[in-house]
Amino acid sequence: MMAAQQTATWRGELRYDEPMAAHCSWRTGGRARRYYRPADLDDLCRFLGDLEPQEPLLWLGLGSNLLVRDGGFAGTVIATLGTLNLLEWLDERTLRAGSGVTCSKVARLTAQAGLVGAEFLAGIPGTLGGALAMNAGAFGGETWQCVEAVETVTRSGRVQTRLPSDYRIGYRSVQGPLDEWFVTACLRLEHGDAQTAQARIRALLLRRSETQPTREPSCGSTFRNPPGDYAARLIEAAGLKGALIGGARVSEKHANFIINTGTATAADIEALIMRIQERVEQDSGVRLETEVRIVGEEAT
Ligand SMILES: Cc1cc2nc3c(=O)[nH]c(=O)nc-3n(C[C@H](O)[C@H](O)[C@H](O)COP(=O)(O)OP(=O)(O)OC[C@H]3O[C@@H](n4cnc5c(N)ncnc54)[C@H](O)[C@@H]3O)c2cc1C
C-alpha cells in the first residue's frame, strides 16, 4: 500500500472511512475505505501513480447516479467535484471543461455565450465526468452529441487524448478503454442566440420540477427506458407507485424515481429495485435494467 512518507508529496485531501451517504444524492450508503480529493490534475496523477496497481477505484462526481451498498467500498474513491474544474474557451464555439465542473455550469456558460446544444445539461444534477461516463441526457439531448474530444487519466496517472470514435456510445451507455477515467472534455456547440438558450434552460427546469420529485433525495431515473417504452409507465402499470420497503419509496410523482424518505438504507433501495424488476417482469414481460450504478459490499 501507499507508504506514509509519500503522503507528503500529495497536495489533495485524503480521508479514511469516509461516509458515502454524504456524497451521494440518495443520502445513504456505506463508507469508503479511502477518499481522495485531489488538489488538481497534476496532484491526481501523482496520487494515482503511487497507488498499488490492484487498488479498487471508484470515481465520484456528484453521486447523483450512485448507490454504495451499506457495507461500503473497500478501495479508494476519487472525488472530482470542484477540483478538476478547468474551464477554458478554445475558440468561440469550443469549451474545454474539467470533469469536476457541474453540468448546470456548463449549460449556463454556453447559453450565456450564445451557443446552443447543451441546454439539456442544466437540470442534470451531476458533474461533466459523470455525464460523460453515463452519456447523460434529457429532452432529446445527450452528452456525447457535443463532445469533440476528451482527456482521460490511466491508473498509472498518465493523461491522454481520446476521440468519440474510441468509445461505443449508446443510450445511457459508454464503453471504452478499461481503467481510464475522464478528466476533461472539449464540447463543441452551435452558434445561436443567448436569450433563446437561456429561456430554453428556464423552460426545461420548470418542466422538470413539475414532473419530477426534484426536492427529495433520489438518483433520478432508477431504470433505463426499455426500447419503445418508458420505465415509469411500466412501473405505474404494475401498481407500484408509492410502494415502500423500509425507508425507500417509489415516487408518486414519477414512478421511475425511488425516494429516500429519510431512513432508507442502501439495502432498502436495492430491495425495492429488485421488487420492481420482478413485478414489472410478471406484469409486462419486460425486465427493467438499472440506470443507477450499484457498487460496494453488502453489510454483514
Ligand atoms: C433529480 C435527478 C434528476 C436526474 N435527471 C437526469 C436526467 O435527466 N438525465 C440523466 O442522464 N441523468 C439524470 N440523473 C442522473 C445523474 O444526475 C446523471 O447520471 C449524472 O450524469 C451523474 O453524474 P455524477 O457526477 O453525479 O456521477 P456519479 O453519480 O458520481 O457517478 C456516476 C458514474 O459515473 C462514474 N464517474 C463519475 N465521474 C467520472 C469520471 N470523471 N470519469 C469516469 N467515470 C466517472 C462513477 O464512477 C459512476 O459509475 C438525475 C439524477 C437526479 C438525482
Side-chain angles (χ1 to χ4, degrees), residues 15 17-33 35 56 58-75 77 79 81 102-103 123-127 130 133-134 136 138 172 208-225 230-283 287-300:
R15 298 189 205 159
D17 214 22
E18 177 71 5
M20 292 303 289
H23 303 286
C24 293
S25 61
W26 251 323
R27 296 281 165 252
T28 190
R31 290 169 179 265
R33 194 159 63 192
Y35 168 99
L58 172 63
W59 281 61
L60 172 73
L62 264 158
S64 62
N65 207 44
L66 201 58
L67 183 66
V68 180
R69 292 193 177 100
D70 300 308
F73 178 71
V77 168
L81 178 65
T102 62
C103 292
I124 298 180
T127 59
M134 299 302 306
R172 303 296 176 271
R208 223 174 242 283
S209 67
E210 284 168 356
T211 55
Q212 299 177 358
T214 49
R215 292 180 181 280
E216 294 176 276
S218 81
C219 259
S221 291
T222 314
F223 300 98
R224 297 144 61 96
N225 287 323
Y230 292 96
R233 192 196 71 76
L234 293 167
I235 296 167
E236 192 171 346
L240 286 165
K241 257 192 171 178
L244 189 76
I245 292 187
R249 179 166 46 82
V250 176
S251 166
E252 298 277 359
K253 196 168 180 182
H254 191 309
N256 201 8
F257 281 50
I258 291 179
I259 303 299
N260 177 357
T261 60
T263 56
T265 59
D268 291 341
I269 293 172
E270 204 173 355
L272 189 51
I273 286 174
M274 289 191 284
R275 179 180 292 174
I276 293 168
Q277 284 173 318
E278 279 164 23
R279 289 273 185 86
V280 167
E281 193 165 11
Q282 283 164 6
D283 188 66
R287 181 78 185 171
L288 292 177
E289 289 174 20
T290 49
E291 180 177 317
V292 298
R293 302 270 179 97
I294 303 175
V295 298
E297 314 293 326
E298 283 171 21
T300 48

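This chain uses plain numbering: 1 for the first residue, then up along the sequence. Since the structure is predicted, the reported quantities are computational estimates derived from the model, not experimental observations. In what follows, every heavy atom counts, from backbone to side chain, and hydrogens, waters and symmetry copies are set aside.
- The two atoms that bring Ala255 and Ala232 nearest to each other are CB-O, 3.6 Å, heavy atoms only.
- At distances below 3.5 Å, at least one donor-acceptor pair connects side-chain atoms of Arg31 with backbone N or O atoms of Asp17.
- Each salt bridge (charged side-chain N to carboxylate O under 4.0 Å, His left out) pair with one or both residues in residues 19-30, not counting sequence neighbours, would appear here, but there are none.
- With a 4.5 Å cut-off on side-chain heavy atoms, Ile294 and Ile273 count as touching.
- Not a single donor-acceptor pair under 3.5 Å links the side chain of Arg172 to the backbone N or O of Arg224.
- Formation of a donor-acceptor pair under 3.5 Å by the Asn65 side chain with backbone atoms of Glu291 is found in this model.
- Here the closest non-hydrogen pair linking Val68 and Cys24 is CG2-SG, 4.2 Å.
- Of the possible polar contacts, one joining the Asp268 side chain to the Gly247 backbone as a donor-acceptor pair under 3.5 Å is found.
- Considering CH2 of Trp26 and CD1 of Ile269, their distance stands at 5.0 Å, rounded to 0.5 Å.
- In terms of modelled atom types and a separation under 3.5 Å, the side chain of Asp70 and the main chain of Ala267 share a donor-acceptor contact.
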Could you walk me through whether Leu240 and Val280 satisfy the side chain to side chain contact (heavy atoms under 4.5 Å, CB included) test, starting with their C-alpha distance in whole Å, then the side-chain angles of each, then the deciding distance to 0.1 Å, before giving a yes or no? CA-CA 9 Å; Leu240 286 165; Val280 167; 4.3 Å; yes
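- Thr261 OG1 to Glu216 CD: the interatomic distance, rounded to the nearest 0.5 Å, is 9.0 Å.
- Taken to the nearest 0.5 Å, the NE2 atom of His23 stands 11.5 Å off from the CG atom of Leu66.
- Proximity of a side-chain donor or acceptor of Ser218 to a complementary backbone N or O of Ile259 within less than 3.5 Å is not detected.
- Taking CG of Leu288 as the reference point, atom CG of Leu234 lies at 6.0 Å (rounded to 0.5 Å).
- Rounding to the nearest 0.5 angstrom, the gap separating the OH atom in Tyr230 from the NE2 atom in His254 is 10.0 Å.
- For the pair Glu297 (side chain) and Gly72 (backbone), a donor-acceptor distance under 3.5 Å is absent.
- For the atom pair CZ of Phe257 and OG1 of Thr211, the computed distance is 7.5 Å after rounding to the nearest 0.5 Å.
- With hydrogens and angles disregarded, a donor-acceptor distance shorter than 3.5 Å links the side chain of Thr28 to the backbone of Ala264.
- A distance-only check finds a donor-acceptor pair linking the side chain of Lys253 to the backbone of Ser209 [under 3.5 Å].
- Looking at Gln277, Glu281, Gln282 one by one, the single match for side chain to side chain contact (heavy atoms under 4.5 Å, CB included) with Arg279 turns out to be Gln282.
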Side chain to side chain contact (heavy atoms under 4.5 Å, CB included), that's the test. Do Phe223 and Ile235 meet it? Break it down for me. CA-CA 10 Å; Phe223 300 98; Ile235 296 167; 3.8 Å; yes
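- Counting all heavy atoms, side chain and backbone alike, Arg69 lies closest to Gly296 at NH1-O, 2.9 Å.
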